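Step one of this worksheet: look at the structure below.
Just so we're on the same page: letters track the sequence lines, and every chain starts at 1. Here the structure is a predicted model, which is why all the values come from computation and not from measurement.
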Number of protein chains: 2
Amino acid sequence: METALDQVFSALADPTRRRILGMLLEDDMAVTDVAEPFEMSLAAISKHLTILTRAGLITQEKRGRVKWCKLEPLAMREAVVWIESFGELEPLNYDAFEQFLQNELKTPAEAEDGS
Amino acid sequence: METALDQVFSALADPTRRRILGMLLEDDMAVTDVAEPFEMSLAAISKHLTILTRAGLITQEKRGRVKWCKLEPLAMREAVVWIESFGELEPLNYDAFEQFLQNELKTPAEAEDGS
DNA sequence: TCAATCGTCAACCATATGGTTGAATATGGA
DNA sequence: TCCATATTCAACCATATGGTTGACGATTGA
C-alpha cells in the first residue's frame with residue numbers, strides 16, 4: 001500500500017510538478033492555463049495534475065467547463081514534519097496527524113489554547 | 001538533467017529508503033546490518049543505498065571489507081527549504097505539535113483513549 | 001593457504017512513469 | 001442548433017524502477 005508520504009514525495013520529485021505548484025502559489029488556475037507555459041501536451045499536464053491531486057498537494061474544482069486548480073500546502077507540511085523529525089515519528093499515526101493538522105489550520109486560536 | 005532536488009525527493013519517496021534513514025539515525029551501520037531487518041535481498045538493499053548516496057542523504061565509507069553507511073541529514077535541508085519557500089505555508093504550531101507527538105509516542109492503546 | 005564473509009555486478013523480469021496522438025465528453029456562446 | 005473550448009480517456013511507446021538470482025572480487029581470519 002502506498003502511504004500519503006510516498007505520494008507526496010514522489011509527486012514532488014518531478015520538476016514539472018514542482019513548477020506547477022510554484023505557479024499555483026500566485027493564484028488558482030485553469031488546467032489549460034497551467035499547461036500553457038510548458039512544452040508538452042495538455043494531456044500530459046492533465047496527468048501531472050491528477051498525480052498532484054492524489055497526493056493532496058492540490059485540489060481541483062470544476063466550474064462550468066473550466067476545472068480550477070488550487071494549491072493545498074497542508075500536504076507539503078506533512079513532508080516537512082517528517083524530514084524534520086523522522087526519527088521520533090517512527091510509528092506515526094497518519095490519520096491522527098491529519099486530524100491534528102486540519103484542526104490547527106481551521107482554528108489556530110482554539111488549537112493553541114486547546115479549547 | 002536530474003537536479004539535486006529531484007534526487008532527494010525521489011529517494012525519500014520509497015518507504016524502504018525512509019526506513020533505512022530512520023535506522024541510520026541511531027548510528028552508522030554496515031550494509032549487511034542495514035539489510036538484516038528487511039525481507040528482501042542484500043543486492044536490493046545495496047541498490048537502495050546507492051540511490052541514497054547519489055541523493056547525498058547518506059555517505060558510505062569502506063573500512064576493510066565492511067562498508068559503513070552514515071546519515072547526512074543536511075542533504076534534506078535543500079528539500080525543506082524548497083518546501084518552505086511556499087509563502088502560504090503557515091508556520092507550524094510547534095507547541096500543539098509537541099503535544100500531538102507526546103500523545104503519539106505513548107503506546108497505541110493509551111493514545112487511543114487519550115489517557 | 002583457503003574457506004567464509006562483505007558487498008557489488010550483470011542479466012533478467014514485471015510493473016510504473018512520463019510522454020505522445022487521436023477520439024470522446026462536457027459545457028458555453030453565437 | 002452548431003461550433004469552439006476545456007478537459008479527459010484510451011492506446012501506445014520508451015525508459016525508469018524495484019525486485020530477483022547467481023557469479024564475482026576483495027578482505028579477513030583460522
Side-chain angles (χ1 to χ4, degrees), chain A residues 1-24 27-71 79, chain B residues 1-24 27-71 79:
Chain A
M1 59 200 74
E2 201 180 20
T3 72
L5 215 40
D6 292 350
Q7 295 190 55
V8 170
F9 279 129
S10 64
L12 292 177
D14 184 278
T16 298
R17 290 192 289 263
R18 287 201 305 276
R19 190 170 152 205
I20 291 174
L21 293 175
M23 291 163 59
L24 291 176
D27 204 354
D28 299 356
M29 295 179 78
V31 172
T32 304
D33 295 332
V34 169
E36 196 272 331
F38 292 94
E39 286 174 348
M40 69 180 71
S41 68
L42 183 61
I45 296 295
S46 178
K47 284 187 187 180
H48 281 303
L49 292 172
T50 299
I51 289 169
L52 289 170
T53 300
R54 279 196 286 118
L57 290 163
I58 68 170
T59 48
Q60 291 181 287
E61 184 195 355
K62 193 168 179 183
R63 285 203 295 275
R65 64 182 164 185
V66 174
K67 203 164 181 180
W68 293 92
C69 305
K70 177 180 167 53
L71 188 65
Chain B
M1 61 210 74
E2 201 181 21
T3 73
L5 214 42
D6 292 351
Q7 294 189 55
V8 171
F9 279 130
S10 65
L12 292 177
D14 184 278
T16 298
R17 290 192 289 264
R18 287 200 305 276
R19 191 170 151 203
I20 290 174
L21 293 174
M23 290 163 59
L24 290 176
D27 203 354
D28 299 356
M29 293 180 79
V31 173
T32 304
D33 294 332
V34 169
E36 196 272 331
F38 292 93
E39 286 174 348
M40 69 181 70
S41 69
L42 182 61
I45 295 296
S46 178
K47 284 188 186 178
H48 280 302
L49 291 172
T50 299
I51 289 169
L52 288 170
T53 299
R54 278 196 284 119
L57 290 163
I58 66 169
T59 48
Q60 291 182 287
E61 184 195 355
K62 192 169 179 181
R63 286 203 295 274
R65 65 183 162 184
V66 174
K67 203 165 181 182
W68 293 90
C69 305
K70 178 180 165 57
L71 188 66

For residues 43-56 of chain B, dump all side-chain donor-acceptor pairs below 3.5 Å to protein atoms at least two apart in sequence or in another chain.
| residue | atom | partner | partner atom | Å |
| --- | --- | --- | --- | --- |
| B:His48 | ND1 | B:Arg17 | NH1 | 3.1 |
| B:Thr50 | OG1 | B:Ser46 | O | 3.0 |
| B:Thr53 | OG1 | B:Leu49 | O | 2.8 |
| B:Thr53 | OG1 | B:Gln60 | OE1 | 3.1 |

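Residue-level contact check: B:Arg63 touches neither bases nor backbone, having no heavy atom under 4.0 Å from any strand.
For A:Arg19, the side-chain contact (heavy atoms from CB on, under 4.5 Å) criterion is met by A:Pro37, A:Phe38, not counting sequence neighbours. Every side-chain contact (heavy atoms from CB on, under 4.5 Å) that B:Lys70 has, sequence neighbours left out, goes to B:Asp28, B:Thr59, B:Glu72. B:Glu61 meets the side-chain hydrogen bond (donor to acceptor under 3.5 Å, both in side chains) test with B:Arg63; sequence neighbours excluded. In terms of the side-chain contact (heavy atoms from CB on, under 4.5 Å) criterion, residue partners of B:Asp33 (sequence neighbours excluded) are, by chain and number, B:Met29, B:Ala30. Considering only residues two or more places apart in sequence or on other chains, A:Thr32 meets the side-chain contact (heavy atoms from CB on, under 4.5 Å) condition with none of them.
Each of A:Arg17 and B:Ala30 was matched to the nucleotide of DNA chain C holding its nearest heavy atom; the match closer to the 5' end belongs to B:Ala30.
Here the side chains of B:Thr3 and B:Asp6 are in contact, with some heavy-atom distance below 4.5 Å.
Considering all non-hydrogen atoms of both residues, A:Cys69 and A:Ile58 come closest at CB-CD1, 4.4 Å. Here the closest heavy-atom approach between residue B:Phe9 and residue A:Ala13 is recorded as CB-CA, 3.6 Å.
Taking every heavy atom of residues 42-49 of chain A and every atom of DNA chain D, pairs under 4.0 Å involve A:Leu42, A:Ala43, A:Ser46, A:Lys47, by number. Taking every heavy atom of residues 5-16 of chain B and every atom of DNA chain D, pairs under 4.0 Å involve B:Asp14, by number.
Rounded to an integer number of Å, the gap from CD1 of B:Ile51 to P of C:dT8 is 13 Å.
In terms of phosphate contacts, B:Lys67 brings a side-chain nitrogen or oxygen within less than 4.0 Å of OP1 or OP2 of C:dT8.
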Step-by-step side-chain contact (heavy atoms from CB on, under 4.5 Å) determination, B:Leu24 to B:Leu57:
CA-CA 11 Å; B:Leu24 290 176; B:Leu57 290 163; over 6 Å; no
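When DNA chain D is scanned 5' to 3' for any atom under 4.0 Å from a heavy atom of chain B, the first and last hits are D:dG18 to D:dT28.
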